[in-house]
Structure formats: structure tokens, C-alpha cells
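One-based numbering along the sequence shown. Values below: all heavy atoms of this structure, side chains included; hydrogens, waters and symmetry mates excluded.
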Amino acid sequence: MEGRISTKAQRIKKLRERAFDDNGSEVYMKYSKVEEKCNCYVSGFLASHPNDNHPLIINPENEYGSKRFVCTFIRPTIVPYPELHDCQKCAEFVARFVDYEPLAADEFPTVIASPAQTLSWAVGDCFEMSILLVSLLRGANFDAYVVAGLAPMWIRQQDQTHMQCNLKERSSGDSSYPCIEISINDENFQQKIASVEGSLKNSLGLHSWVLVKPSTTHNLSHTGAFFVETSTGVIYPVDESPYNQLYCVWNDDNYWVNVNDESEKNHFDLENRERWVAIFPGVGSNSSATAGIICAPPCSWVNIFEIPKDKFQRRYPSGTRSICLDRAKIELFGSGVDIQGLQARVIFYEDVEKTILHECTEIFEPNRRMDYMTRRVRAPEKMEFEEFFSLKNRFAIKAVAENAGVQRGVTFYSKTRADGLRQRVEELGLFTESFEHRSDSLSRRQIFLASSTGEKKHRNTECLDLGTFLGTAEVTQINDYFRPPNDKASFDSCVASRLFKLNDGNIITTFGCENEVLQRVEVSNSSNDELRLLQKKAIKEVESIKKEMNEIQQILYSQQASKNLAFPTQEEVIVQPYVQNEKDHARNGDDVVDYLAPYLMQVDSKMPLSKEEAKLVRDACLRGYKERLIERGNIMQARLDMARRELLAFQETHQAKRGRTLQEKEAYENFCSDQTFKMKVLERRIILHEQNAIAKFKALESKLNSDDRLKSLH
């Protein structure tokens, strides 16, 4: 169980049992002369600088049983993912990608796995996760250090009940996407700190975390140095951190020992000899006194490691990850794991024990769902739910909100609609529509309904189809409200509202309504041709919009009832093109095609065929199939060559042009991305075609040998 039990001993045992069969592990087991010299120097340093205040970690074993200086475990690595060049996001990635395990005992570990092995296992203790995080941060030019010291029990057990979850909106063009933000709940955090200070020292234990100092290469959101808890990815300012005492800090440049007995944790002037002693004092120094002394630790023995793209997108070893916070729980899903395109589920509770559900928010991967839904919010106790969509959906829906049995509302991206409809709210007996950017200045419309059996009770009323399960209703009145004009001179003659009372056939028009004071009211009947046309136009618009609402509702329900709502990822498209093609062929009945028919027509004799005729037919069939396979491969290769030429020509044209605008740069990046993806698909298809061509040819040859029409060959 993560955060409770250590399985390192079993993993190390299995790894070392097959170490001799692995040629790549040789560099992990052999010393270089520089490392041997460094070990002798470090041993001499420790003998001349005894430290009785606290223990130190100097030469732990790596995963293959070879003792190495702890600084050489850090391998600064640059990864091709801009997201991991941000300290906060990089810390969150390590905390969620690697399953945290506690130390086997309350002492420095005798074995520490390399960052490459930690990534491969996706399991590690606090020291291994800190070394991995520092390797990534140092590769991104952060001034980062591994720290060893004392931490309370709740830190070592990944207790995050002092953290709170907030959902914020992140805008992207006209659409907005939800963003999960985890922050410290000050009240709960201070209670935990007070409980540690008031308890026995036995609640403190050995732990490792990361220190990041401010640098000129990065604009950090924190003004000073801060700590990163690698098991959770939480950032603590140094002055407000839960850690109790620091023993030592190190990175790939040096190793510093804290020689001060005080438990102060906010003094990181590593040049201060009263607090810190460096094993390699010559690092960064031009003093001649350091001549003949090793000035820096040897280079890291760790192989260059990388994070494969599929693992980076999946994010979590098992595909999912759960985080328990204060009155909240977050469930995270890797890309492509959930068939509904779910990216995260955030559950809020009313109580600390998490027994009374308050609200559940589901966040979906952008542009991964066929209905382009980005978020769904449900409140079961209130029987309410909301669904939010991006601008790319078919009907330009922005949000759908429903209070079961009370109200249902649909909000649109009004700029994309010809009728300017912004929102439609349906209540019992009343529909309300809001408009924007209309040339006729219509801003709001109310439609009053009465129950109906499908037949009109009055001559002027109209029946409206409410949907599959709701039947029909009778429209009794339509109220149209208009925006006031910008020109106050024409205010008196401007129509403020128009009420169509279909029951009695009257039309009430209000002019110049300002500050809720009626200026002029006219009452007419539907015999007025002009007003009658306006009435028919309003009824027609109401029917058209309601018909569209019914269609939207049916499509959304059918899409959400589907088992698989997510589009395939690029990797799925590349890896499985031929699987889908085979299914299509089987569905279209290609398997029943007579592959001998064209060649039997070339033989004049009747059945049964002679041996020479059968041989002629078989050879012609195999030769024709071979030519088709070669032709198919040539077509795919020609398309690949053309895509490469197009990309090269576009790049040369773009590089030759100076003063490019932002739009041109974005168009260039989009074209290169699309063309690269197209080339990858073609390359993968060519490889699969070459792999399958021989097998297909042999399969046809086997079919011909077993065909009864060619039995004279045997």
C-alpha cells in the first residue's frame, strides 16, 4: 500500500538476481579511478570532521550493490516536455508518477536506486524521489538540492488533509477550461504544526525533501527559498514549512553538512562556515589553498534517462491516482485511460469524515470527447447538475444546467448563432429566451404555456412539441422585450415590449419604457396585417428553437449513453490502422471474393483443370497478388516522400521570410505538427505493410494449395 509499506528489499533482490545477464548494468557495478579517489577523499574528510550531532548519508549502495558517493546519484537531465520545466508542475509529475513508499527503518537507507531505475519501477522512497526531482530540476537550470532531516509522521505518511482544493477557470479563446488548484488550508496546517510541537520527539522521523533557492534564470512565484515535499508535490515556504531539523543538503556540485545544533531551517547561506561545512570547499573558489584538493565530485555514473511519451501522457503507473484532501477527494486519470475521456474527478464533502457528499465535478480532456464536454458538476442532494462545453461542439452550446423537475437552462456561444440566442430557460409553464447582437434589438422573450392534449383550445393559439416524453403544450402568450436605442431622441417612438396574447387575439405594444415608467401603450388585435406578421414570425421562431432544443437533447443523451465517447489518441491512430482496415474488409464482405475468378476466365478448358492449366492459374494469381502488394507499398512510400518534400519546402520558405507575424508563426507550427503526424502514420503503415506482406502472400499460397479447383496440382 502506497505510503505505508516498503517493498524495496524484494525489488532489489529480483534485480540483482538477473544483474549478471544484463550488460547495461556493468557501468552501475564498476568503479572508475576518479570515483575511487573521491571515496578516499570523502573518507578522509569525515575522519577529520567528526559529526556527533546527527548521522549522515555519504556512500549508499545503488540498486546493483555498488557503493557510490551520494552526489553522483544526481544526473541533471533535460526532458523534451516544457511542462516539466516548471518547478510546481515537475514536482506534481514526480509525486504522481512514482508510487511513494516509506523508509524500511528510521535511519538512512543503505540502498538508493538511481533516477533511471526509479522511473522504470515507478516506485521509490523519499530519497529516491528527491534525487529524481532534483535531477529534473537541475536539468531545467533550477538551483535545487536534496535535503535530509527530520519530518513529522503526517508528512512521512503522505497525509494531505491540511490541503484544500479549489477549481478555477482557465480561458482559451472564447472557451474556458477548469483547472484544479491545491493550496494549504492555514487553519488545518497550523493545527498540525501545533500538534507536532506539543507531542513527543518520537513523532519525528528521518525524511528527505527538496530545497529550491531563487535564481536569475527563473521567475518563481515564491520570493525566497522554498521546500518541495516530493511525496506529494506540495510547496512550502521555508519559514512556514513543517520540517523540524536539517542534517545535510547536496546536489551534483557539492555536499554540505549542517554543523549547528539549532533546529532553525531558514538559513541557507551555504558559504557560512559556522552553519555549513562543504566536503568540496574548492567548488566555485579561486583560492590557491585548495590546490591539490578534489574540487568537485566526479561525474554521475547514472545512464542518461528519458521519460517515454506514452508514459508521460499516461502520468500514473496504474492509469489512475487518488488524493485525499480536507473535505475533498481528487481522482486523476491518465490520457486515454477512461473511455469517456475523463481527466479528473473532484468530490467535495460536507464533513471531515467524507461521508456526506456535497458536490462532484468531473473534468474531461479538452477536445477528446465527441460532444466536446469539458466539465460536469453534480449536486445529488439538490438534484442539480451542470455541463460545460467548448466552442467546437456542433450546436455552439456553452453550458447546460438542470434542476430536476424545476428548471432546465441551455447557454450558447451567442456570437456563433445567426439568431443571437444566448440562453434558454425552461420552467413549468414558462420558457424564457435571452438574445444578443440582434438587428431587431430583441433582448428577451417569454413564452407562456398551458397543458394540451394536442388540439388547440383557441383559434389563435399554437401547439408546441415539448419533446419525446413531455408531449405537447399550448402557447397562450408570447412577450418580446427590446433593448432601448442609443439615440435618446428616438426613445419615445421605440418599441420597448410587444405582448402577443394568443387567447383573445390582442397585441399590446409598449413604447419608450424608461425607469419602469410606461410612456405609451397601444392595444391592437391580430387583424392588423403588420402585427399579425410579427406574431407569426415570433411563433415560427419559438417553434424552430424548440425543435432545435429537442434535437440537441436527443443527441446529447444518445452520445452520453454511448460506451465510448472519446476520440482515439494520435498513438492509437498510428498503432492500430490495419486492425480497423481488417474489420472494415470483414464487414464489407471482402472475405467472400473469389480470388481465382479473373484467372480462371483466361483458361479456355472446362473443369476440372489439367495440371498445366492449374499451375498456370496458380502462378498468375500469385504473381498478380505480389504485384499489388508491391504497388501498395510504392504508393505509401510515394506519399511519404511527397509529405517530406512539402515539409522541407514550407520550412525553407518560412525561414527565408523575415518579420513574421504571430499568426504566421502559429500557422507554421500547426503545419509542421500536422505534417509530422502524417509522416509518422505513413512510416508506421509502411513498416506494418512490410511485416504483413510476406505473411499475406504465404496465406494466399496456402489457400491456393487447398483449393479444390487446383487439386490436379497434387
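Glu362 contributes atom CD, which lies 5.5 Å from atom CG of Leu342 (distance to the nearest 0.5 angstrom). Interatomic distance, Ser120 OG to Leu15 CG, rounded to the nearest 0.5 Å: 8.5 Å. A distance of 15.5 Å separates SG of Cys672 from CZ of Phe677, quoted to the nearest 0.5 Å. Considering CD of Glu92 and CG of Leu84, their distance stands at 11.0 Å, rounded to 0.5 Å. Interatomic distance, CG of Leu150 versus OH of Tyr247, reported as 3.5 Å (0.5 Å rounding). Rounding to the nearest 0.5 Å gives a distance of 7.0 Å between CD1 of Ile58 and SG of Cys248.
The shortest heavy-atom contact between Asp86 and Lys89 is OD2-N, 3.0 Å. Here the shortest heavy-atom pairing between Pro298 and Thr72 reads O-CG2, 3.5 Å. Here the shortest heavy-atom pairing between Phe348 and Cys165 reads CE2-O, 3.7 Å. When all heavy atoms are compared, the tightest approach of Ser114 to Glu63 is OG-OE2, 2.8 Å. Residues Ile74 and Val146 come closest through the heavy atom pair CD1-CG2, 4.0 Å. Closest approach of Ile307 and Tyr81 over heavy atoms only: O-OH, 2.6 Å.
Side-chain contact between Lys8 and Glu128: present, with at least one pair of heavy atoms (C-beta onward) separated by less than 4.5 Å. Residues Pro102 and Arg156 have side chains not in contact (no heavy-atom distance under 4.5 Å, counting atoms from C-beta outward). Residues Ile347 and His358 have side chains not in contact (no heavy-atom distance under 4.5 Å, counting atoms from C-beta outward). In this structure, the side chains of Glu229 and Gln160 stay at 4.5 Å or more apart for every pair of heavy atoms.
For the ring pair (Phe, Tyr, Trp, His ring centres under 6.0 Å) with Phe73, the lone residue among Tyr255, Phe305, Trp301 that qualifies is Trp301. A ring pair (Phe, Tyr, Trp, His ring centres under 6.0 Å) with Tyr145 holds for exactly one of Trp250, Trp256, Phe226; it is Trp256.
Using modelled atom types, one finds no donor on one side chain facing an acceptor on the other under 3.5 Å when comparing Glu331 with Thr320.
Under the 6.0 Å cut-off for aromatic ring centres, Trp209 and Tyr236 do not qualify, their centroids lying 6.0 Å or more apart.
Ring-plane geometry between Phe227 and Tyr243 is classed as perpendicular, the angle between the planes exceeding 60 degrees on a 0 to 90 degree scale with a lower cut at 30. Ring geometry for Phe93 versus Phe312: interplanar angle of 30 to 60°, hence tilted.
Classification of Arg369 and Asp338 as a salt-bridged pair fails, no side-chain N sitting under 4.0 Å from a carboxylate O. We find that Glu83 and Arg315 are joined by a salt bridge, their nearest charged nitrogen and carboxylate oxygen being less than 4.0 Å apart.
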Could you go through the side chain to side chain contact (heavy atoms under 4.5 Å, CB included) check for Leu119 and Phe97 one step at a time? CA-CA 8 Å; Leu119 277 175; Phe97 184 83; 3.7 Å; yes
